[in-house]
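Each chain gets a letter, A, B and so on, in the order the sequences are listed, and its residues count up from 1. Heavy-atom basis, side chains included; hydrogens, waters and symmetry copies ignored.
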Number of protein chains: 2
Amino acid sequence: MKYLVVYETLKEEIFNEKYAINEQLPNGRELAELFHVSMLTIKKAMDRLVLDGIIVRRRGDGSYVKDWKKMDVAQHNHLSGTFNQFSEGEVKTKVLKFEVERADEKIAAKLSIQAGDFIYAITRLRIIRGIPSIIEYTFMPLDLIPNLQMSHVETSIYNYIQRDLRLMVHSAVVKITGVRPDDFEKKELHLKSNSFLLQVDQVASLDNSRVFEFSIAKHIPEEFEFETVIVSNKK
Amino acid sequence: MKYLVVYETLKEEIFNEKYAINEQLPNGRELAELFHVSMLTIKKAMDRLVLDGIIVRRRGDGSYVKDWKKMDVAQHNHLSGTFNQFSEGEVKTKVLKFEVERADEKIAAKLSIQAGDFIYAITRLRIIRGIPSIIEYTFMPLDLIPNLQMSHVETSIYNYIQRDLRLMVHSAVVKITGVRPDDFEKKELHLKSNSFLLQVDQVASLDNSRVFEFSIAKHIPEEFEFETVIVSNKK
DNA sequence: AAGTGGTCTAGACCACACT
DNA sequence: GTGTGGTCTAGACCACTTG
């Protein structure tokens with residue numbers, strides 16, 4: 001993993017301002033000599049820095065350090081579940097429902113299974129620093145996630161899947177919308193009548209391409225912030 | 001651009017179900033022979049398909065078609081400004097403000113310029129299919145975007161920058177939150193007192209690393225939907 | 001053990017930006 | 001023209017999954 005060493009080293013050097021903002025970096029050949037690697041390895045490292053939004057590269061011109069200081073929040077591309085986004089003890093979980101049911105048409109479609117197949121249907125309330133902040137509705141195919149226990153549901157299902165089942169989470173499609181709470185949500189989140197929520201729909205896949213989770217998380221606005229970097233994919 | 005040909009071809013074949021969902025694709029060597037390219041070119045094409053969320057690849061196992069049908073909306077990674085997200089005639093723009101001002105501390109920080117530097121300060125109301133839907137506050141450094149005209153502001157500043165100035169938009173950092181409208185926004189968007197908005201903050205950069213835009217767009221929830229794919233970057 | 005994708009090399013050629 | 005990054009090759013070796 002040479003390119004990761006190059007990537008981490010350059011990133012650190014930039015953050016330590018060895019290379020200042022808007023400064024041009026050494027070209028590919030020089031960096032390849034410096035690190036004793038091929039130019040392709042340099043390119044791979046630089047591509048990651050571009051993806052991070054830390055540098056730009058332009059053919060015929062060079063590589064330049066971007067103004068990375070304006071990225072005020074660490075990137076939110078979590079893929080780790082709600083639980084791991086907060087530090088130990090900051091988040092408490094109240095399990096409102098934990099049942100095995102048959103998937104209806106809509107959920108079966110999201111999970112790429114047959115209607116009528118068994119699924120876990122889980123509803124959880126996340127309490128962050130004492131404030132009820134998120135209601136999560138989670139649906140998972142029973143056959144993919146064997147032997148799910150209350151103790152997993154109470155903390156992080158992601159951790160169970162990754163650490164215990166040793167499955168790899170590959171990717172997720174997320175959708176963000178704004179919604180009004182229903183009566184149940186109003187009660188659980190202690191909301192006033194004019195309140196609103198930010199809804200994150202997520203369909204998450206394992207690296208064997210199976211969909212293992214469809215979840216709807218509704219966040220109170222005080223707690224919610226989603227940040228991402230969009231990079232233009234020109235030719 | 002051989003890898004793009006491979007990418008487009010494979011994508012089309014998958015969508016035409018030459019390769020079915022969950023089916024294994026030919027391995028790298030075979031595809032390299034088929035397309036008469038090197039394996040690295042195949043890998044680059046496949047990497048893009050992975051990024052699109054269309055396939056998964058696993059070392060030691062193979063490449064598999066994902067359930068791409070569940071991606072119900074075309075990906076929202078626009079980088080094209082509000083105007084180009086809707087078809088011709090669907091969106092009307094009312095320019096509420098179009099001035100040159102001096103940047104205050106906050107805006108200067110976002111644009112990576114000095115407080116006091118000249119900027120365009122633009123406020124626009126976007127009316128989609130007859131419904132006032134978005135208020136956009138846009139700030140741009142004067143020196144980067146010379147000679148901005150009312151005609152550009154009324155349609156798409158992005159088009160002016162890309163087509164006329166021939167500058168390339170490289171990337172953007174976006175942040176999504178939920179907010180309450182102020183009185184001005186309530187009036188312009190015809191909102192009731194208990195309403196809410198989805199706020200998208202965007203800091204956009206050119207490929208020379210200069211920040212050319214800081215914008216705050218506040219969307220009515222009926223119109224707003226943001227979708228993206230998150231891919232795990234392990235190793 | 002056989003087959004897969006991931007990384008890496010040392011070059012080559014090309015497209016593009018500057019002057 | 002010079003220098004830059006982007007693409008590409010033909011191989012090599014390695015890490016990993018599955019039988």
Side-chain angles (χ1 to χ4, degrees), chain A residues 1-8 10 19 22-51 54-66 162 165-168 170-171 206-210 231-235, chain B residues 1-8 10 19 22-51 54-66 162 165-168 170-171 206-210 231-235:
Chain A
M1 262 98 287
K2 292 194 190 180
Y3 81 93
L4 278 181
V5 175
V6 176
Y7 162 75
E8 296 290 353
L10 285 174
Y19 302 107
N22 289 327
E23 185 179 338
Q24 183 168 8
L25 294 169
N27 68 40
R29 266 178 197 77
E30 293 174 42
L31 287 173
E33 283 184 27
L34 262 169
F35 285 97
H36 306 290
V37 298
S38 76
M39 286 174 62
L40 202 153
T41 302
I42 295 294
K43 168 136 176 56
K44 280 182 80 166
M46 305 283 265
D47 279 350
R48 262 186 117 101
L49 292 170
V50 170
L51 214 66
I54 295 172
I55 67 167
V56 273
R57 313 192 81 199
R58 284 165 80 212
R59 169 163 23 193
D61 187 0
S63 308
Y64 298 87
V65 178
K66 276 181 65 173
Q162 299 202 322
L165 296 182
R166 317 242 309 126
L167 297 172
M168 295 294 282
H170 176 271
S171 60
L206 299 173
D207 64 356
N208 62 5
S209 93
R210 285 284 314 264
V231 176
S232 170
N233 47 354
K234 291 288 142 41
K235 252 80 324 160
Chain B
M1 260 95 289
K2 293 193 187 181
Y3 81 93
L4 279 179
V5 174
V6 175
Y7 162 74
E8 295 291 350
L10 285 174
Y19 303 106
N22 289 328
E23 185 179 338
Q24 184 168 7
L25 293 169
N27 69 39
R29 266 178 197 77
E30 292 174 43
L31 286 172
E33 282 183 30
L34 262 169
F35 284 98
H36 305 290
V37 297
S38 75
M39 286 174 64
L40 201 154
T41 302
I42 295 294
K43 166 132 176 58
K44 281 183 77 165
M46 307 281 266
D47 279 350
R48 262 188 116 100
L49 292 170
V50 170
L51 214 66
I54 296 171
I55 67 168
V56 274
R57 313 192 80 198
R58 282 166 83 215
R59 177 178 357 205
D61 187 1
S63 308
Y64 298 86
V65 178
K66 277 181 64 173
Q162 298 202 322
L165 296 181
R166 317 242 308 125
L167 296 172
M168 294 294 282
H170 175 273
S171 60
L206 299 173
D207 64 356
N208 62 6
S209 92
R210 286 280 318 259
V231 176
S232 170
N233 46 354
K234 286 291 142 41
K235 261 121 299 167

When rounded to the nearest 0.5 angstrom, what distance separates CE in A:Met46 from CG in A:Leu51? 14.0 Å

Under the salt bridge (Lys or Arg N to Asp or Glu O under 4.0 Å) rule, what pairs show up with a residue in residues 24-37 of chain A, not counting sequence neighbours? none

Taken to the nearest whole Å, CE/B:Met46 to C1'/C:dT7 is 16 Å

To the nearest angstrom, the CG-C1' distance between A:Leu4 and C:dG6 comes to 11 Å

Nucleotide D:dT17, atom C1' - distance to CG of A:Leu206 in whole Å: 16 Å

CG of A:Leu40 versus C1' of C:dT7: gap in Å, rounded? 9 Å

Exactly one candidate in B:Leu4, B:Leu10, B:Val5 meets side-chain contact (heavy atoms from CB on, under 4.5 Å) with B:Tyr7; the answer is B:Leu4

Please give, in whole Å, the distance from D:dG5 P to A:Asp47 CG? 12 Å

Holding to side chain to side chain contact (heavy atoms under 4.5 Å, CB included), I want the full list of residues that pass it with B:Gln24, two or more places apart in sequence or in another chain. B:Tyr64

Atom pairs under 3.5 Å, N or O on each side, protein against nucleotides 15-17 of chain C: can you list them with distances?
{"from": "C:dA15", "atom 1": "O4'", "to": "A:Arg59", "atom 2": "NH1", "distance (Å)": "3.2"}
{"from": "C:dA17", "atom 1": "O4'", "to": "A:Gly60", "atom 2": "O", "distance (Å)": "3.4"}

If every non-hydrogen atom of A:Arg57 is compared with every non-hydrogen atom of A:Ser63, which pair is closest and at what distance? NE-OG, 2.9 Å

Residue-phosphate contact under 4.0 Å: A:Lys2 side-chain N/O, C:dT7 OP1/OP2: no

Who passes side chain to side chain contact (heavy atoms under 4.5 Å, CB included) against A:Thr41, sequence neighbours left out? A:Lys2, A:Tyr3, A:Val37, A:Ser38

Spacing of B:Lys43 atom NZ relative to C:dG6 atom C1', expressed in whole Å: 6 Å

If you measure from CG on B:Asp47 to CG on A:Asp47, what distance do you get to the nearest 0.5 Å? 10.0 Å

Residues within residues 24-39 of chain A bordering DNA chain C, heavy-atom distance below 4.0 Å: A:His36, A:Val37, A:Ser38

Sequence neighbours left out, what passes salt bridge (Lys or Arg N to Asp or Glu O under 4.0 Å) with A:Lys44? Give chain and number order. none

Within the structure, does a side-chain N or O atom of A:Ser63 lie under 4.0 Å from either OP1 or OP2 of D:dT4? no

Runs of at least three consecutive Watson-Crick or G-U pairs, both distances under 3.5 Å, are what I'm after; which ones involve DNA chain C? C:1-18 with D:1-18

Rounded to whole Å, the CD1-P distance (B:Ile55 to C:dT4) equals 15 Å

Least distance between heavy atoms, A:Ile55 atom then A:Val65 atom: CG2-CA, 4.3 Å

Atom-pair distance (OH on A:Tyr3; P on D:dC14), nearest Å: 18 Å

Kindly give the heavy-atom pair with the smallest separation between A:Val6 and A:Ala45, and that separation in Å. CG1-CB, 3.5 Å

Partners meeting side-chain hydrogen bond (donor to acceptor under 3.5 Å, both in side chains) with B:Tyr19 (sequence neighbours left out): none

Within the structure, does a side-chain N or O atom of B:Arg57 lie under 4.0 Å from either OP1 or OP2 of C:dT4? no

